[in-house]
Amino acid sequence: MPRKYEPQEIEPRWQRRWEDDGLYVSTPRSDKPKYYALVMYPYTSGDLHVGHWYNFGVADAHARYKRMQGFNVLMPFGFDAFGLPAENAAIDSGVHPFTWTMRNIERMEQQTRTIGGVYDWSKEVATCLPEYYTWNQWLFLKFYERGLAYRAKAPVNWCPKDQTVLANEQVIDGRCERCETPVVRRDLEQWFFKITAYADELLDFSQIEWPERVETMQRNWIGRSEGVEFRISVDGRPDLEIPVYTRRVDTVFGITWVVLAPEHPLVDELTAPEQREAVRAYQEQARRQTEIERLATDKEKTGVPIGAFAINPANGERVPIWIADYVLLTYGTGAIMAVPASDERDFEFAQKFGLPIREVVCPGEAWGHDPSSGVHPELPEAYVAPGTMVNSAQFDGLPSPEGSERIADWFAERRIGRRTINYRLRDWLISRQRYWGTPIPMLYCERSCGVVPVPEEDLPVVLPEDAEFKPTGESPLATHASFVNATCPRCGGPATRETDTMDTFMDSSWYFLRYVDPKYDRPPGFDPDKAAYWMPVDQYMGGVEHAVMHLLYARFFIRVLRDLGLVNFSEPFTRLYNQGIILGPDGYRMSKSRGNVVNPDEYVQKMGADTVRCYLMFIGPWDAGGPWNTQGISGVHKFLNRVWTLATDLTPKPPLPSLGEGAGGEGQASAGGTMAFNEADARLRRALHQTIRDVTDDMDKFRFNTMLAKLMSLSNLMQDLQVSVSGEAWSEAVRALLLMLAPSAPHIAEELWTVELGLPYSIHAQAWPKWDPGLAAEDELT
RNA sequence: GCCGGGGUGGCGAAACGGCAGACGCGGCCGACUUAAAAUCGGCUCCCCGUGAGGGGGUCGGGGUUCGAAUCCCCGCCUCGGCACCA
């Protein structure tokens, strides 16, 4: 009686055996090319959900394929273990964040093991442990020494619910990335990393193969803009000048007013007494707005004149100065020239407040205008495209792009302006007013030394266990007296500690370096030799949600490490793949409130991990994601059952010499008759070698859905032909089928290979099958 | 508004410019079974036809080509990103 396929029995058994044999423990070796496969480490949220399986299970299949192809694969695993939810859980339930986090890690680790992956658990990392965060602190000090970590008072994003500041990257549509509370502005002293120093370099993607859209998102985020910065003088105040930035210096003759951001430092100085009241009221109103309100593009323009006037350096004209919240303090110089004829926003503002509009770039033919006529019909809207310059003195008649260059030169000669480049990217704000994170290793000497870094030999600054972590708007550590009070390492006088903790994106910016040897206990926190062997990551796999956060920070971080002489490459992740999102059976994003959450453990118990892995691969292209179909999974399960039957139940036929009666023609087997062995063999062989060829190609290109479809077709054909093929052809096909299935369904493949067919353990140490182009070729082409 | 991805059966999806719908789900019919499950076999884009066969069909409209789901142009819809960044 043939055995039944029982994944519940097979899977844990093989998982234990692989673990006991250390099958997936990776070490540097010179006889094989290295391949660092990496999945984005999960946050310690508590449970492994389907999305994790989609990432970790499918990524594992690809890594297994690379192993079989002869690569020395490193595929580590760890946990992103600091962060707000642990603290919030502690506040809600009274469990200490450490306890909560470690409990979740234990649980998630067990669940991850049920995937049956090649994850090398000897390399496991948890970022909340001192053995990890010590090196966050060490690296922070290096950044500080290099002038790349600095403290500044700046307007920052404040989440009123989470009671902490956020990096720009963590504000999505004006809301906190975590809790979606509208963010407000605050002026605070905070620690920043100087990512802007690397803005240009981060725009260079030539060393990496990433999805186009991620590159685009990063490019947009960095927002490089080339233009001219020039000074506008203030009427009656020879001591003052207003710097403005523009990309359209060709339009300077069209300036009809100047705008300052409401918070601009010159506003108080310049406001005329009679406007003081109105200005103050406007500033107050602007300050109270949330980011969402302020940045809404469909909002009506608002503003007030401050009663002062500016002199246009191009033509000496006197124009009014306004403040308006459509000008942002944090971009450019926080002040603009307004040219309503050539800018949509200024045009709208002019209409609202009845300000003059003067055409300086004639649209020409496009709008039926004639630049040389001297007649300029009223513009129905701002004309922003290039045209012919008019009303611009000596520059009249020039095409406007050329005019830009000429005026830029003219300003430069007169020393009132220069070409400059602006970025939208802001420096990375890394302070957090929360408990569960890495303490920033800085001290404030109360006597005379000011800001003093904690000496390296005093690291780590240990996060105290006993803190009151209710959010108050101030770091919880600030109320912990024995933590706060310290001694100045320079003068020995009293000092206080920095009580803010680091953004958790600090942790994720280098964890992949720590993985190469997580026990390494010397600076810089990772083994340089092992890192030199394994890095950079060959294939990074994870969600697209980190496109401008983690992925940008890590690229910055590694460049800094390179400049510190700690690594010798610039890009951490050579190739990136973003898998899609698995939706609930109803087609919506899974959420507890919707009640459409699929629990992978349930399906693992019912049908096995191999089935769940294969189903996730089969559902569609990996980058597309899609709804989990409760019924669809049975098709994949049936397929694995069929493979089981093919390999166990159907006894191979004895090899027979083909006698070739009537063979040679391409005739179909007649209905009800049997094919000659050699003809059936030929058909099976051809299909097999075509399958190997196609499956290999699909594997290389992450097309797991069609890869499995082809294995299904092959197994269907084998079933049809099993009564007519020779044992030899059959056996070749069964072995190759199992080898090709091994990455996707590692347990069943191992069981059939090792136990049922008695072939050498382990199938996962075998070479990927090769195809013979001659056998794969079609006999005839029409 | 700008920049990308996409639009193909009842559903998830396939298809070097060359037989549209592989593979799977669901559905229908049949075999096995006392019965059901499981398993196995057949059918399953639409229309006409018992059949062989014929006609139509890949969001809509044009175009290139011997030949277009695929390439080009216009439009519609949809998903994602960015968006008062001067």
Side-chain angles (χ1 to χ4, degrees), chain A residues 4-5 168 172-174 211-225 227-229 244-249 251 255 258-259 261 293-303 324-340 342-349 382 384 422-426 544-545 547-548 578 580-583 585 587 614-621 623-639 641-642 644-645 649 694 697-698 703-716 719-720 781-782:
Chain A
K4 270 182 66 189
Y5 172 42
N168 279 8
I172 313 288
D173 293 332
E212 186 62 39
R213 82 175 151 153
V214 176
E215 293 187 11
T216 305
M217 283 164 74
Q218 294 206 349
R219 229 175 252 124
N220 289 343
W221 187 260
I222 295 167
R224 182 188 157 101
S225 136
V228 170
E229 189 179 314
V244 297
Y245 171 77
T246 180
R247 288 166 63 192
R248 291 297 305 276
V249 76
T251 66
I255 299 177
V258 165
V259 190
E293 288 162 351
R294 175 148 182 182
L295 294 177
T297 49
D298 50 356
K299 191 180 74 167
E300 262 213 25
K301 293 275 178 292
T302 59
D325 64 4
Y326 79 94
V327 174
L328 308 173
L329 182 66
T330 49
Y331 185 78
T333 61
I336 62 153
M337 63 176 204
V339 182
S342 301
D343 184 282
E344 283 163 11
R345 296 151 301 184
D346 297 343
F347 190 91
E348 200 190 314
F349 198 83
V384 298
N422 261 306
Y423 299 91
R424 209 149 65 211
L425 183 70
R426 299 270 80 83
V544 75
E545 65 274 13
V548 291
N578 296 124
I581 298 169
I582 297 296
L583 306 170
C614 289
Y615 175 60
L616 288 169
M617 284 184 249
F618 187 65
I619 207 165
D623 57 1
W628 174 280
N629 181 330
T630 316
Q631 283 165 330
I633 192 169
S634 64
V636 172
H637 191 56
K638 272 189 226 168
F639 162 64
N641 260 303
R642 191 154 52 237
W644 181 271
T645 310
D649 206 14
D694 295 350
D697 191 42
D698 282 348
R703 290 189 304 229
F704 304 111
N705 56 332
T706 53
M707 181 274 296
L708 281 174
K710 281 156 196 162
L711 292 185
M712 287 175 181
S713 293
L714 177 65
S715 71
N716 289 345
Q719 196 160 285
D720 290 347
L781 284 170
T782 43

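Throughout, a chain's letter reflects where its sequence line sits, starting with A, and its residues are numbered from 1.
Using a 4.5 Å heavy-atom threshold, the side chains of A:Tyr326 and A:Thr302 count as separate.
Nearest-nucleotide positions on RNA chain B for A:Thr216 and A:Tyr331 put A:Thr216 closer to the 5' end.
The gap from the C1' atom of B:G60 to that of B:C77 amounts to 10 Å, rounded to the nearest Å. Atom C1' of B:U8 sits at a distance of 10 Å from the matching atom of B:G57, rounded to the whole Å. Taking atom P on both nucleotides, B:G63 is separated from B:A68 by 12 Å, rounded to a whole Å. Taking the P atom of each, B:G7 and B:G17 are spaced 15 Å apart, rounded to whole Å. As rounded to the nearest Å, B:G27 and B:A38 have P atoms that lie 11 Å from one another. Here, B:A22 and B:A13 have their C1' atoms 10 Å apart, quoted to the whole Å. Here, B:A31 and B:A35 have their C1' atoms 15 Å apart, quoted to the whole Å. For the P atoms, the distance from B:G24 to B:C73 is 38 Å, rounded to whole Å.
Environment of CD in A:Glu545: crowded, with over 12 heavy atoms of neighbouring residues, nucleotides or ligands closer than 6.0 Å.
If you check B:G26 for Watson-Crick or wobble pairing at under 3.5 angstrom, you find it paired to B:U44. Shown here, B:U64 forms no base pair; nothing in the strands shown gives a Watson-Crick or G-U wobble contact with both key distances under 3.5 Å. In this structure B:G6 sits in a base pair with B:C77, meeting the Watson-Crick or G-U test at under 3.5 Å. Nucleotide B:U70 forms no Watson-Crick or G-U wobble pair with any nucleotide shown, as no partner meets the under 3.5 Å limit on both distances.
The CD atom of A:Gln218 sits 20 Å away from the P atom of B:G80 (whole-angstrom rounding). A:Met617 has its CE atom 16 Å from the C1' atom of B:G12, to the nearest Å. Atom-to-atom, CD of A:Glu348 to P of B:C84 comes out at 13 Å; the value is rounded to the nearest Å. A straight line from CG of A:Asp694 to C1' of B:C16 spans 12 Å, rounded to a whole angstrom. A:Leu329 has its CG atom 16 Å from the P atom of B:C84, to the nearest Å. Between A:Ile222 atom CD1 and B:C82 atom P there is a gap of 14 Å when expressed in whole angstrom units. Computed from coordinates, the A:Ile581 CD1 to B:G5 P distance equals 19 Å when rounded to whole Å. Distance, A:Leu616 CG to B:A13 P: 14 Å, rounded to whole Å.
Using cut-offs of 30° and 60° for the angle between ring planes, the A:Tyr5 and A:His637 rings count as tilted.
For the pair A:Arg248 and A:Asp343, the salt-bridge criterion is not met [side-chain N within less than 4.0 Å of a carboxylate O]. Between A:Lys301 and A:Asp325 there is no salt bridge, since no side-chain nitrogen of the basic residue lies less than 4.0 Å from a carboxylate oxygen of the acidic one.
Here CG of A:Leu708 is found 11.0 Å from CG of A:Leu616. Values are rounded to the nearest 0.5 Å.
A:Tyr326 has no side-chain polar atom (N or O) that falls below the 4.0 Å cut-off from OP1 or OP2 of B:A86. Taking side-chain N and O atoms only, A:Arg247 has a distance below 4.0 Å to OP1 or OP2 of B:A86. At the phosphate of B:A14, OP1 or OP2 sits under 4.0 Å from a side-chain N or O atom of A:Asn705.
Regarding the sugar-base torsion, B:G9 falls in the syn class, its angle being within 90° of 0.
Nucleic acid contact for A:Arg424: base, since at least one base atom lies under 4.0 Å from a heavy atom of the residue. As judged by a 4.0 angstrom heavy-atom cut-off over every strand, A:Val327 is placed among the base-contacting residues. Across all strands, A:Pro627 comes closer than 4.0 Å to no nucleic acid atom at all (heavy-atom distances).
In terms of modelled atom types and a separation under 3.5 Å, the side chain of A:Asn705 and the main chain of A:Phe618 share no donor-acceptor contact.
Of the N and O atoms on the side chains of A:Thr706 and A:Asp698, at least one donor lies less than 3.5 Å from an acceptor on the other residue.
With sequence neighbours excluded, no residue forms a salt bridge (Lys or Arg N to Asp or Glu O under 4.0 Å) with A:Asp694.
Of the candidate nucleotides B:G81, B:C23, B:A14, B:G81 has the atom lying nearest to any side-chain atom of A:Met217. Candidate nucleotides B:A14, B:C84, B:A86 were compared by shortest atom distance to the side chain of A:Lys301, and B:C84 ranks first.
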Q) Where along nucleotides 24-30 of chain B does protein come under 4.0 Å, by heavy atom, of base (B) or sugar-phosphate alone (S), with - for untouched nucleotides? A) SSS----
